[in-house]
Amino acid sequence: MKLLEPLDINGMVLPNRIAVPAMVTRLSGEDGYVNDDIIDRYRRYAEGEVGLIVVEAMAIHGSKSGPLLRISDDSFIPGHRRLAEAVHGASDSKVVPQIIHFMKVARSGWRQKIEDLSAEQIEAIIADFGAAAARAREAGYDGVELHSAHAYTLSSFLSRRNSRKDAFSGKTLEGRLHMFGRVMAEVRRLVGHDFPVGIRFLAEEAIKDGYTVDEARLIALRMAQAGVDYISLSVGGKFEDAQPREGHPLYPYTGYSGDRCMPGNWYPALPHAHLAATIKQFINAKGHDVPVISVGKISDPGDAERLLQDGKADIIGMARQLLADPDWPLKVRQSRQDAIVHCIYCNVCKQLDENFKEVHCFLWPKGARQAPADDPSRPLPVWPDGHGDLTATISDGQIQLAWPKVPGVIGYDVYRATDGEVAEVVEAVKSNKYSDRTVLGGLRYDYFVRPFDASGTAGPPSRQVSVDMPMPEGLATMLEAADA
Ligand SMILES: Cc1cc2nc3c(=O)[nH]c(=O)nc-3n(C[C@H](O)[C@H](O)[C@H](O)COP(=O)(O)O)c2cc1C
């Protein structure tokens, strides 16, 4: 499998092409120091053999911001060194920190904008990026990633909504790219050319008047020309369309662009893969082979492999899927795909992040702070009645499923095939019932359910049930009347 082939990124050899993009854990205190819980979180990804582990966004400056890691002065280096050593001690995974500068946001609704920054403040931000990148090297990380995505400072310079009028002017693409160029030059000056520097930026801003992939491919080209070692793509996550909440600072993932950033369960799989493909194919055609990380609801190993084989991505990024099951790469390598815990994109992790609470996964056993250990020797869950007597009833435009409880399991994956399509997991539930509210009259639905235990190991499928969903009462008469 191409997915499991190594990849050399400026001397940082990934053991495979699987990456966990940065995901804030809220496991650090407000002091921003690395602690044991943080180390456990990242060691867990290494044990699961994730090729590239990007450590959650960490501040390069002293601005207050709830529980968030920091790399803003040398006192943070020993903690980061322990983290990097823990990852390196667990497997061949490579680990890079994502370094971030953000502007001030107040509970009153006020927020600082890049247009407010003086020339001196901009120079200080550039210097802070350089110093933080140098600390990352000093701490023993394998590289560093510049956070130039979402609602944060570097991204705001790249934005089509940048309205500065100086050398960083939003009037031209070159003006919008100026800050990136300055930061990149400073980072290189301080870390040298033999230290991998990646960047994360938006393939699409997903806001009114925001840029789309047409400009993103040009931005990527400039990044490649400037010598970035990998490009990690994201989408949306902006302040411009964030929903205000009384007494809370604006959170940039609450509007439509937030949905696009962390697409929920109502989005189809791979909603952004075409954007990464466009960007990769464009920069490749211009002679740059900088690896591109594609991200966004990728969880099926077959889909991941196909994106690589079809030249649509160089690395597969999975955030929520690897949070749910950090052993995904190991299970794929061992051909134990059946044991993968499937992310259901319920976004409980996103809500925890938004509320400054420790980020964990809804699918983990209750109270767990880390993903449960993989245990292939554990006996498979079995149906007490031998076959899993799944039943389905139709009521109020929904299909209600029920099945016998399996002792000792933590949940059930509900599989559905719509009108003869391939069956896929539509939901994971903790109780032994499920109501499907997204069914359309006139189509056939086939269901089965699989129980899974704390290590993610799934038992055999229940009996399958098929439901021919009737058209709503009176619809045929209504349509005939409209036709006449
Ligand atoms: C809880 C949580 C925290 C996140 N924190 C970051 C972050 O620190 N930096 C970042 O660039 N993206 C962050 N993201 C976005 C993810 O890296 C990723 O782009 C997004 O979840 C879509 O990928 P997925 O569909 O594989 O989950 C976060 C996402 C979640 C769910």
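First listed ligand is number 1; within each ligand, the first listed atom is number 1. All residue numbers refer to positions in the sequence shown, counting from 1.
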In the protein, which heavy atom is nearest to [atom], and how far is it?
| atom | value |
| --- | --- |
| atom 27 (O) of ligand 1 | Arg320 NE, 2.6 Å |
| atom 2 (C) of ligand 1 | Met23 CG, 3.6 Å |
| atom 22 (C) of ligand 1 | Cys261 O, 3.3 Å |
| atom 10 (C) of ligand 1 | Arg200 NH1, 3.3 Å |
| atom 9 (N) of ligand 1 | Gln98 OE1, 2.8 Å |
| atom 14 (N) of ligand 1 | Ala22 O, 3.4 Å |
| atom 3 (C) of ligand 1 | Val24 N, 3.3 Å |
| atom 26 (O) of ligand 1 | Ala319 N, 2.8 Å |

Taking all non-hydrogen atoms of both residues into account, name the closest pair between Val105 and Leu250 and its distance.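 So the two residues come closest at CG1-N, 3.8 Å.
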
For residues 296-354, which residue pairs pass the ring pair (Phe, Tyr, Trp, His ring centres under 6.0 Å) check, not counting sequence neighbours?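 Ring pair (Phe, Tyr, Trp, His ring centres under 6.0 Å) check on residues 296-354 returns no pairs.
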
Does the salt bridge (charged side-chain N to carboxylate O under 4.0 Å, His left out) test come out yes or no for Arg137 and Asp194, once each step is laid out? CA-CA 11 Å; Arg137 182 165 194 157; Asp194 59 347; 2.8 Å; yes

Going by the angle between their ring planes, with limits at 30° and 60°, are Tyr42 and Tyr45 parallel, tilted or perpendicular?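 If you compare the ring of Tyr42 with that of Tyr45, the planes turn out tilted.
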
Is there a heavy atom of Ala149 sitting under 4.0 angstrom from any atom of ligand 1?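 No, Ala149 has no heavy atoms under 4.0 Å from ligand 1.
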
Under 4.0 Å, counting heavy atoms only: does Gln321 come that close to any atom of ligand 1?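 So Gln321 does not count as touching ligand 1.
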
Among side-chain atoms of Tyr251 and Asn355, is any donor-acceptor pair under 3.5 angstrom?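 Asn355 and Tyr251 do not have a side-chain donor-acceptor pair below 3.5 Å.
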
When you measure from atom 29 (C) of ligand 1 to each heavy atom in His150, Met262, Arg26, which option holds the nearest one?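 That would be Met262.
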
Ligand-residue contact atoms, ligand 1 with [X], heavy atoms, under 4.0 Å:
| X | answer |
| --- | --- |
| Pro21 | 17 (O) |
| Met318 | 26 (O) |
| Val295 | 23 (O), 26 (O) |
| Cys349 | 1 (C), 31 (C) |

For the ring pair His178 and Phe157, is the centre-to-centre distance below 6.0 Å?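 Between His178 and Phe157, the centre distance exceeds or equals 6.0 Å.
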
Taking the six-membered ring for Trp, is the centroid-to-centroid distance between His61 and Phe102 below 6.0 Å?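 Centroid distance His61-Phe102: below 6.0 Å, so yes.
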
What I'd like to find out is whether the side chain of Ile283 reaches to under 4.5 Å of the side chain of Arg217, using heavy atoms alone.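 In short, these two side chains do not touch, never coming nearer than 4.5 Å.
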
His147 vs Phe201, ring-ring contact (aromatic ring centres under 6.0 Å, His included): CA-CA, chis, key distance, verdict: CA-CA 7 Å; His147 197 338; Phe201 86 102; over 10 Å; no

Return yes or no for this condition: an N or O of Asp353 is under 3.5 Å from an N or O of ligand 1.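 Not met; the criterion fails.
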
Tyr434: partners by ring pair (Phe, Tyr, Trp, His ring centres under 6.0 Å), with sequence neighbours left out: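 Partners of Tyr434 by the ring pair (Phe, Tyr, Trp, His ring centres under 6.0 Å) criterion come out as none, since no residue qualifies.
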
